[in-house]
Chemist: 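The structure follows.
Residues take their numbers from the sequence shown, with the count starting at 1. All of these numbers come straight from a predicted model, not from anything done at the bench.
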Amino acid sequence: MANLAGKRALVTGGSRGIGAAIARALAEHGADVAITYQSSAERAAEVVDSIGEFGQRGFAVQADSADLQAIRRAVQESVETLGGLDILVNSAAVGMSGAIAEIDLDEFQTMMDINVRGPLAFSQAAIPHLAHGGRIISIGSALAERVPFPGVTPYAMSKSALLSFTRGLSRELGPQGITVNLVLPGSANTDANPAEGESADFQRSLSSIGRFAEPREIAEAVVFLAGPAAHMVNGSTLTVDGGANA
């Protein structure tokens, strides 16, 4: 079991889905956890309550991940509330689908602001607070490395950017003892992509395991990267997709 006792984490997009599972898993392993949410204060409060059930401090702050001022405020409030910061998990993201010839470019720009500029801005704001042993972990997608069907190219583009971001930032922060890594989930059972959704059978067919991941299974990969066993893991991608990209 990872020992995160005394660690302080910020999970962006932590009110639902994979982000909520990550927040709970970090707390279960001993960390105090702040989360950001965009609109659902009620769901964010439920996650904070579940963090408290593990005996850890929880905190939620409203922040639009496309708003640079909100991002900086969220990091500062998290640091002040938790007394510092050791772990940043960039989980907030949105998706869009459609053929390149038909997509709305304003909608595409909003997605890129949240999925690409957001992690960069959160990391930029967090870096001054991270000491030796600090962690930055981003949540990408298995689509970053392979696009096995049409219609998801814009989203895949946004997640591919995190590959270079992770590798480059790991070079910058490695000398300070701060590691930067990326988790690439495959199909996961969330509100945004339910295991019984319209394309679920097709998605299952891509995986050799033949099922969707549960958000908790993605969260455990994050717990590993956040913990002491991952000190030498830096600039790496950890794919959790049931063999879809094998």
Chemist: Determine, step by step, whether Glu196 and Asn189 satisfy the side-chain hydrogen bond (donor to acceptor under 3.5 Å, both in side chains) criterion, reporting the C-alpha distance in whole Å, the side-chain angles of both residues, the deciding distance to 0.1 Å, and the verdict.
Modeler: CA-CA 8 Å; Glu196 301 306 323; Asn189 184 22; over 6 Å; no
Chemist: What I'd like to find out is whether the side chain of Leu184 reaches to under 4.5 Å of the side chain of Glu145, using heavy atoms alone.
Modeler: yes
Chemist: Under 3.5 Å, is there a donor-acceptor pair between the Ser138 and Asn90 side chains?
Modeler: yes
Chemist: Where is the tightest heavy-atom contact between Ile71 and Ser65, given as atom of each residue plus distance?
Modeler: CD1-O, 3.5 Å
Chemist: Let me check something: do Val94 and Ile100 share a hydrophobic cluster, defined by ILVMFWY side-chain heavy atoms less than 4.5 Å apart, either directly or through other members?
Modeler: yes
Chemist: Atom CD of residue position Gln69 - does it have more than 12 heavy atoms of other residues, nucleotides or ligands inside 6.0 Å?
Modeler: no
Chemist: Hey, are the side chains of Phe59 and Ile51 touching, using non-hydrogen atoms and a 4.5 Å cut-off?
Modeler: no
Chemist: I need the minimum non-hydrogen distance between Ser208 and Gly243, along with the two atoms involved.
Modeler: OG-CA, 3.7 Å
Chemist: Find out whether Leu225 and Val233 are in side-chain contact, i.e. whether some heavy atom of one side chain is under 4.5 Å from a heavy atom of the other.
Modeler: yes
Chemist: Please determine whether side-chain hydrogen bond (donor to acceptor under 3.5 Å, both in side chains) holds for the pair His29 and Arg24, giving the CA-CA distance in whole Å, both sets of side-chain angles, and the decisive distance to 0.1 Å.
Modeler: CA-CA 9 Å; His29 288 272; Arg24 293 186 180 104; over 6 Å; no
Chemist: About how many Å separate CG of Leu4 and CD1 of Ile87, when rounded to the nearest 0.5 Å?
Modeler: 5.0 Å
Chemist: Look at the side chain of Ser160 and the backbone N and O of Ala144, then say whether any donor-acceptor pair between them is shorter than 3.5 Å.
Modeler: yes
Chemist: Within the side chain of Ser199, is there an N or O that forms a donor-acceptor pair under 3.5 Å with the backbone of Phe202?
Modeler: no
Chemist: As an exercise, state the distance from OG of Ser158 to CG of Asp113, rounded to the nearest 0.5 Å.
Modeler: 11.0 Å
Chemist: Looking at Glu217 and Arg211, is any side-chain nitrogen of the basic one under 4.0 Å from a carboxylate oxygen of the acidic one?
Modeler: yes
Chemist: How long is the gap from CG on Asp104 to OG1 on Thr110, to the nearest 0.5 Å?
Modeler: 8.5 Å
Chemist: Please determine whether a side-chain nitrogen of the Lys or Arg among Arg43 and Asp191 lies less than 4.0 Å from a carboxylate oxygen of the Asp or Glu.
Modeler: yes
Chemist: I need the His129 NE2 to Glu80 CD distance, nearest 0.5 Å.
Modeler: 8.5 Å
Chemist: What is the minimum heavy-atom distance between Ala195 and Ala200, and which atoms define it?
Modeler: O-CB, 3.1 Å
Chemist: What's the separation between atom NZ in Lys7 and atom CG in Leu82, rounded to the nearest 0.5 Å?
Modeler: 13.5 Å
Chemist: Minimum heavy-atom separation for Tyr155 and Met96, please, with both atom names.
Modeler: CB-O, 3.7 Å
Chemist: Look only at the side chain of Arg117 and the backbone of Ala66, and say whether a donor-acceptor pair between them is shorter than 3.5 Å.
Modeler: yes
Chemist: Do Val223 and Leu26 have side chains that approach each other closer than 4.5 Å (heavy atoms only, starting at C-beta)?
Modeler: yes
Chemist: Hey, what do you get for CG (Leu163) to OG1 (Thr237), rounding to the nearest 0.5 Å?
Modeler: 6.5 Å
Chemist: Hydrophobic clusters here meaning ILVMFWY residues chained together by side-chain heavy-atom distances under 4.5 Å, can you tell me if Phe122 and Ile178 are in one?
Modeler: yes
Chemist: Hey, are the side chains of Arg73 and Gln62 touching, using non-hydrogen atoms and a 4.5 Å cut-off?
Modeler: yes
Chemist: Do you see a donor-acceptor pair shorter than 3.5 Å between the side chains of Thr81 and Glu77?
Modeler: no
Chemist: Side chain to side chain contact (heavy atoms under 4.5 Å, CB included) between Phe165 and Val116: does it pass, once the steps are laid out?
Modeler: CA-CA 9 Å; Phe165 171 70; Val116 180; over 6 Å; no
Chemist: Hey, are the side chains of Leu173 and Thr179 touching, using non-hydrogen atoms and a 4.5 Å cut-off?
Modeler: no
Chemist: Can you hop from Leu85 to Ile136 via hydrophobic side chains spaced under 4.5 Å?
Modeler: yes
Chemist: Using side-chain contact (heavy atoms from CB on, under 4.5 Å) as the criterion, point out the one residue from Val183, Asn115, Leu169, Leu182 that pairs with Leu162.
Modeler: Leu182
Chemist: Do the non-hydrogen side-chain atoms of Ile22 and Ile139 ever get within less than 4.5 Å of each other?
Modeler: yes
Chemist: Of all the heavy-atom pairs spanning Thr12 and Thr36, show the shortest one and how long it is.
Modeler: CA-OG1, 3.2 Å
Chemist: When you group the ILVMFWY residues by side-chain heavy-atom contacts below 4.5 Å and let the links chain together, are Phe108 and Leu120 in the same group?
Modeler: no
Chemist: Quick one: are Ser187 and Asp241 in side-chain contact, heavy atoms under 4.5 Å?
Modeler: no
Chemist: Determine yes or no for a side-chain-to-main-chain donor-acceptor pair under 3.5 angstrom, with Asn234 supplying the side chain and Val180 the backbone.
Modeler: yes
Chemist: Applying the 4.5 Å side-chain criterion to the ILVMFWY set and letting contacts propagate, would Val89 and Leu238 be lumped into a single cluster?
Modeler: yes
Chemist: Where the side chain of Ser141 meets the backbone of Lys159, is there a donor-acceptor pair that is under 3.5 Å apart?
Modeler: no
Chemist: Show, in sequence, the C-alpha distance, side-chain angles and deciding distance for Leu10 and Ile35, and conclude whether the side chain to side chain contact (heavy atoms under 4.5 Å, CB included) test is met.
Modeler: CA-CA 6 Å; Leu10 169 60; Ile35 65 170; 5.8 Å; no
Chemist: Between Leu88 and Ala126, which heavy-atom pair has the shortest distance, and what is it?
Modeler: CD2-CB, 4.0 Å
Chemist: Quick test of your reading of the model: are Asp32 and Arg8 salt-bridged, counting only N-O distances below 4.0 Å?
Modeler: no
